[in-house]
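Here is how names work: the chains are called A, B, and so on, in the same order as the sequence lines, proteins then strands, and each is numbered from 1.
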Protein chains: 2
Amino acid sequence: MIGKHIGKFLLDSGDPLVVAADRVATVRTENNLLHALTLLSSLGYSSVPVLDVEGRLKGQITLAGIISGIKAIPTYDWDSLQTKTVSEVMDSNPGRVHENAELEDVLHLLVNNNYVSVVDKKGIFLGIVTRKGILRRVNRLAHE
Amino acid sequence: MIGKHIGKFLLDSGDPLVVAADRVATVRTENNLLHALTLLSSLGYSSVPVLDVEGRLKGQITLAGIISGIKAIPTYDWDSLQTKTVSEVMDSNPGRVHENAELEDVLHLLVNNNYVSVVDKKGIFLGIVTRKGILRRVNRLAHE
Ligand SMILES: Nc1ncnc2c1ncn2[C@@H]1O[C@@H]2COP(=O)(O)O[C@H]3[C@@H](O)[C@H](n4cnc5c(N)ncnc54)O[C@@H]3COP(=O)(O)O[C@H]2[C@H]1O
Ligand SMILES: Nc1ncnc2c1ncn2[C@@H]1O[C@@H]2COP(=O)(O)O[C@H]3[C@@H](O)[C@H](n4cnc5c(N)ncnc54)O[C@@H]3COP(=O)(O)O[C@H]2[C@H]1O
């Protein structure tokens with residue numbers, strides 16, 4: 001029974017579970033790495049979704065992935081930040097769900113990811129569900 | 001009543017909630033930023049705890065914090081990665097709890113942090129509780 005209870009509780013709360021696309025920082029596949037590095041470090045996000053020119057989800061990029069992507073001998077090749085593109089270092093198979101996904105699928109993906117991207121049937125990016133969204137609800141559940 | 005139920009459920013599970021200190025990657029206050037950047041990007045962690053020579057928790061450092069810390073005009077001052085130290089860019093007030101903390105305090109801190117550090121009465125670092133640890137249990141709760 002608690003399975004159904006927690007499902008209803010996690011979905012019923014006032015604030016929406018999905019952070020809508022217009023409030024999510026993203027980068028494009030063809031952006032250079034310096035653009036992505038500056039965006040991520042100035043906002044303080046460790047990872048953001050990667051979209052193509054039509055707004056479809058193509059991947060996800062992390063700061064760690066950018067830094068590893070320019071690793072060279074003896075130190076990092078900082079100049080290649082301006083010549084390499086996001087599509088060269090991104091993870092092209094990020095956690096994603098469709099807009100009518102079951103809560104259990106979302107919870108399952110959030111065990112190993114800080115967020116999951118939400119897409120429509122055509123793959124257009126609609127927003128993200130973050131671990132914070134779920135943990136805020138769990139926090140409330142624990143205080144009941 | 002669910003408040004007590006979820007508390008008991010989150011604590012009772014087989015695997016420990018705390019990742020012990022010997023399995024947590026950390027850096028020292030006096031390390032240079034290049035050391036921290038290489039550790040974080042090669043392991044893929046966005047942030048790790050910062051300890052002093054006696055093993056006391058002194059702060060937490062993020063990849064975003066390292067990159068912002070060497071920002072200069074017109075681009076980043078990559079050479080300062082070898083001259084600046086971790087203590088110059090770390091957050092010196094990271095989320096922390098004592099080893100006998102209430103679950104509710106841990107849950108509260110994990111809403112806005114990917115992990116919280118656990119310390120003893122003298123401030124010695126004992127390990128971390130990660131969002132994954134809590135979400136793994138929530139995932140199980142949802143499948144009951
Ligand atoms: N600029 C900022 N303002 C306020 N809080 C901040 C913040 N940067 C980080 N945090 C806090 O730290 C947590 C971990 O952030 P992280 O960047 O590793 O991981 C983030 C980031 O990779 C991504 N994310 C969250 N909000 C985003 C947004 N508006 N645009 C793009 N990516 C976002 O989702 C992950 C999980 O986010 P979540 O909210 O669960 O958890 C966030 C949030 O609680
Ligand atoms: N090298 C790796 N191996 C396996 N999974 C990885 C991984 N790097 C990242 N992940 C996955 O991505 C999540 C977010 O990692 P992040 O580095 O932003 O955030 C991490 C990282 O800042 C820190 N962390 C976790 N384990 C650590 C460790 N052994 N040593 C140092 N810091 C750790 O705690 C945060 C939350 O960790 P959590 O496990 O909840 O969540 C992790 C984990 O599910």
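A single hydrophobic cluster is seen to contain both B:Leu103 and B:Val116, as judged by linkage of ILVMFWY side chains at heavy-atom distances under 4.5 Å, directly or through other members. Connection of A:Tyr45 to A:Val89 is established within a shared hydrophobic cluster, with ILVMFWY side chains joined at heavy-atom distances below 4.5 Å, either directly or through further cluster members. With hydrophobic clusters built from ILVMFWY side chains whose heavy atoms lie under 4.5 angstrom apart, A:Leu51 does not share a cluster with A:Val97. Under the 4.5 Å side-chain heavy-atom criterion for ILVMFWY residues, a single connected hydrophobic cluster contains both B:Leu57 and B:Tyr115. Clustering ILVMFWY residues whenever any of their side-chain heavy atoms sit less than 4.5 angstrom apart, transitively, puts A:Val138 in the very cluster that holds A:Val18.
Note that the OG1 atom of A:Thr75 and the CG atom of B:Leu37 stand 8.5 Å from one another [nearest 0.5 Å].
Residues B:Ala64 and A:Gly44 come closest through the heavy atom pair CB-CA, 4.0 Å. In terms of heavy-atom proximity, B:Ser41 sits nearest to A:Ile67 at OG-CG2, 3.5 Å.
Looking at A:Val111, A:Leu109, A:Ile134 one by one, the single match for side-chain contact (heavy atoms from CB on, under 4.5 Å) with B:Asn139 turns out to be A:Val111. When each of A:Asn114, A:Asn112, A:Asn113 is paired with B:Lys132, the side chain to side chain donor-acceptor pair (under 3.5 Å) condition holds for A:Asn112 and for no other.
There is no contact between A:Ile66 and chain B, counting heavy-atom distances below 4.5 Å. Of the atoms belonging to B:Leu34, it is side-chain heavy atoms, and not backbone ones, that fall under 4.5 Å from chain A.
Side chains of A:Thr38 and B:Tyr76: a donor-acceptor N/O pair is present below 3.5 angstrom, by distance only.
Side-chain contact between B:Trp78 and A:Asp79 is absent, with no heavy atoms from C-beta onward closer than 4.5 Å.
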